[in-house]
Trainee: 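One structure, as structure tokens, below. Some questions next.
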There are 4 protein chains.
Amino acid sequence: MANRGINKVILVGHLGQDPEVRYMQNGNVVANFSIATSESWKDKQTNETRDRTEWHRVIIFGKLAEIAGEYCKKGSQVYLEGQLQTRKWQDQSGQDRYTTEVVINPIGGTLQILGSRDSDSHQQPKPQTTAQAQHEEIEPDDIPF
Amino acid sequence: MANRGINKVILVGHLGQDPEVRYMQNGNVVANFSIATSESWKDKQTNETRDRTEWHRVIIFGKLAEIAGEYCKKGSQVYLEGQLQTRKWQDQSGQDRYTTEVVINPIGGTLQILGSRDSDSHQQPKPQTTAQAQHEEIEPDDIPF
Amino acid sequence: MANRGINKVILVGHLGQDPEVRYMQNGNVVANFSIATSESWKDKQTNETRDRTEWHRVIIFGKLAEIAGEYCKKGSQVYLEGQLQTRKWQDQSGQDRYTTEVVINPIGGTLQILGSRDSDSHQQPKPQTTAQAQHEEIEPDDIPF
Amino acid sequence: MANRGINKVILVGHLGQDPEVRYMQNGNVVANFSIATSESWKDKQTNETRDRTEWHRVIIFGKLAEIAGEYCKKGSQVYLEGQLQTRKWQDQSGQDRYTTEVVINPIGGTLQILGSRDSDSHQQPKPQTTAQAQHEEIEPDDIPF
DNA sequence: TTTT
DNA sequence: TTTT
């Protein structure tokens, strides 16, 4: 458990679709989704406003995957902390291909659902959906949000 | 402009009060507020749920201070990136005192207002208030949120 | 174990003194030290190079405290990840005082010793001393650096 | 210049090769290299120590690219902060391919060369080579490391 | 002093 | 595919 180096990704963005959750034979849970981060800037040459959206493939393991499955949906804004991982696979023609994903593990990873508070009127309080868990050993009744 | 070391703070929390904005004689703008971050956990000994809220003093300079003044208010949820700075001052009795603050400078600092989207019903879209600027040289009309 | 908000500090700097390590009656270990982060910049008015060093009080719990005690010393360069915590105490005159520290807990916290490689000549490779542990449950023989 | 979302990568690792630096016709500078981050852990099933090295493609623009070209080399340990970007390209057969890179821009990006201090003997202090620049507008003589 |  |  000694590491050499830091491999950390921090994203705040919106989910492009509902998470896909799979329950493994060994009890593990895995969730997948993509989230978008956008930036816009004014092009100094043309004086036009330009825009770029980046999509990030996110894969979550363990308790946070369950939380994602239950509380995140298409359009949810989340804060997450994970690490970069590039996976090798073969396409139909047998060629090597690589896909880079942001992996959120129970240890060191974080997921929080943001927002949930009506920003203009506070008259209608809603159930808070901000959530976080950082550890596999959490008991289900530990998730009070 | 060469640095030795990294001094970085990342916070997501809610403002405890409206930002206090001051316009300096030299045109600089400074904004102050405090934000709360909370964590709760189950005490393994007593089996009780416990809770701790941490308050952080935030001071913002430049364009981001103006944005804070205009778009942040008490209760707003924000993402911010700044650095730790401990300031020495004298109390009434002349004794040295120290206060640690999170300073957000135009270069390297970030402020984004989160949320603004109704998390349950998407029927009534609201004006987006998520915002960021990272650079002093931004023209006012560059802030489109 | 649900949290509201993110409270994260990332520092890279050098220790100002050897860590002070205390072993508690309950078996817990706590280490303290300060680390310096410096930045220098050219003052645009005076055209002089200016310099500022910031000192951060760090407190470490658990296995990472032991690692700090054994492998960090005055002058060591470290990467660390912790959270801000402001502690209230009373001075001799009974007045409330506050001290802000960077707390590194076994869960979510990180400590890595940097360097160890001669940056000028690569002829004499040295044993790598970069290290990290993020979890209390680490067995002692798991720390191979 | 308003952004929606946070896209941030923090890496500490060693360069796999000397940086490749290209000077563009318009005066821009671009540097490329890969850096490795490693983690090891004990497999709980087999009780064996396992190891995984992740390689990250890094691309740097502007002044930091020049710094990388001059001061980084194969084996250098660096701290860097950038953002994820996935680039689409066509392979020889015309098929779409995607490559994810960590992009370090002058604004918001950071590069620091770590180490430079002999970790075992402190008798012979060496010139500090830790360095950082965060801004395009830096004059060459601003880089004192 | 926030938020749920 | 998100969000404003």
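Convention: sequence-line order gives letters A, B, ...; per-chain numbering from 1. The basis for the numbers below is simple: all heavy atoms, side chains too, and nothing from hydrogens, waters or symmetry mates.
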Trainee: Need one value for A/I35: base, sugar-phosphate or nothing, where a base atom within 4.0 Å counts as base even if backbone is also close, heavy atoms only.
Mentor: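 Contact class for A/I35: none.
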Trainee: Rounded to the Å, how far apart are A/Q77 CD and F/dT2 C1'?
Mentor: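 That distance rounds to 10 Å.
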Trainee: Return the value, rounded to whole Å, for the distance between atom CZ of A/F33 and atom C1' of F/dT1.
Mentor: 13 Å
Trainee: Could you state the atom-to-atom distance from CG of A/D18 to C1' of F/dT1 in whole Å?
Mentor: 11 Å
Trainee: Could you check how far CD of B/E20 sits from P of E/dT2, rounded to whole Å?
Mentor: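 Answer to the nearest Å: 16 Å.
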Trainee: Report the nucleotide, chosen from F/dT1, E/dT1, E/dT2, that has the shortest atom-to-atom distance to any side-chain atom of B/S34.
Mentor: E/dT1
Trainee: Sequence neighbours left out, what passes side chain to side chain donor-acceptor pair (under 3.5 Å) with A/Q25? Give chain and number order.
Mentor: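 If we apply the side chain to side chain donor-acceptor pair (under 3.5 Å) test to A/Q25, skipping adjacent residues, there are no hits.
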Trainee: Could you check whether the side chain of A/T53 and the base of F/dT2 have a donor-acceptor pair of N or O atoms closer than 3.5 Å, going by distance alone?
Mentor: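 Check passes, donor-acceptor contact within cut-off.
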Trainee: Give a yes or no on whether A/Q95 atom CD has more than 12 heavy-atom contacts from other residues, nucleotides or ligands under 6.0 Å away.
Mentor: yes
Trainee: Atom CG of D/L84 and atom P of F/dT2: how far apart are they, to the nearest Å?
Mentor: 20 Å
Trainee: Rounded off to whole Å, could you give me the CG-to-C1' distance for the A/L11 and F/dT2 pair?
Mentor: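 Computing the A/L11:CG to F/dT2:C1' distance gives 13 Å.
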Trainee: What is the distance from CZ of A/R52 to C1' of F/dT1, rounded to the nearest Å?
Mentor: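 The distance from CZ of A/R52 to C1' of F/dT1 comes to 16 Å, rounded to the nearest Å.
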Trainee: Would you please name every residue forming a salt bridge (Lys or Arg N to Asp or Glu O under 4.0 Å) with B/E54, sequence neighbours left out?
Mentor: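 B/E54 satisfies salt bridge (Lys or Arg N to Asp or Glu O under 4.0 Å) with B/R52 once adjacent residues are dropped.
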Trainee: So is the aromatic ring of A/W55 stacked onto the base of F/dT2, judging by whether the centres are under 5.5 Å apart and the planes are under 30° apart?
Mentor: no
Trainee: Taking CD from A/Q17 and C1' from F/dT1, how many angstroms apart are they, rounded to a whole number?
Mentor: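 From A/Q17 CD to F/dT1 C1': 6 Å.
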Trainee: Could you walk me through whether B/D18 and B/K74 pass the salt bridge (charged side-chain N to carboxylate O under 4.0 Å, His left out) check?
Mentor: CA-CA 4 Å; B/D18 289 350; B/K74 180 177 172 174; over 6 Å; no
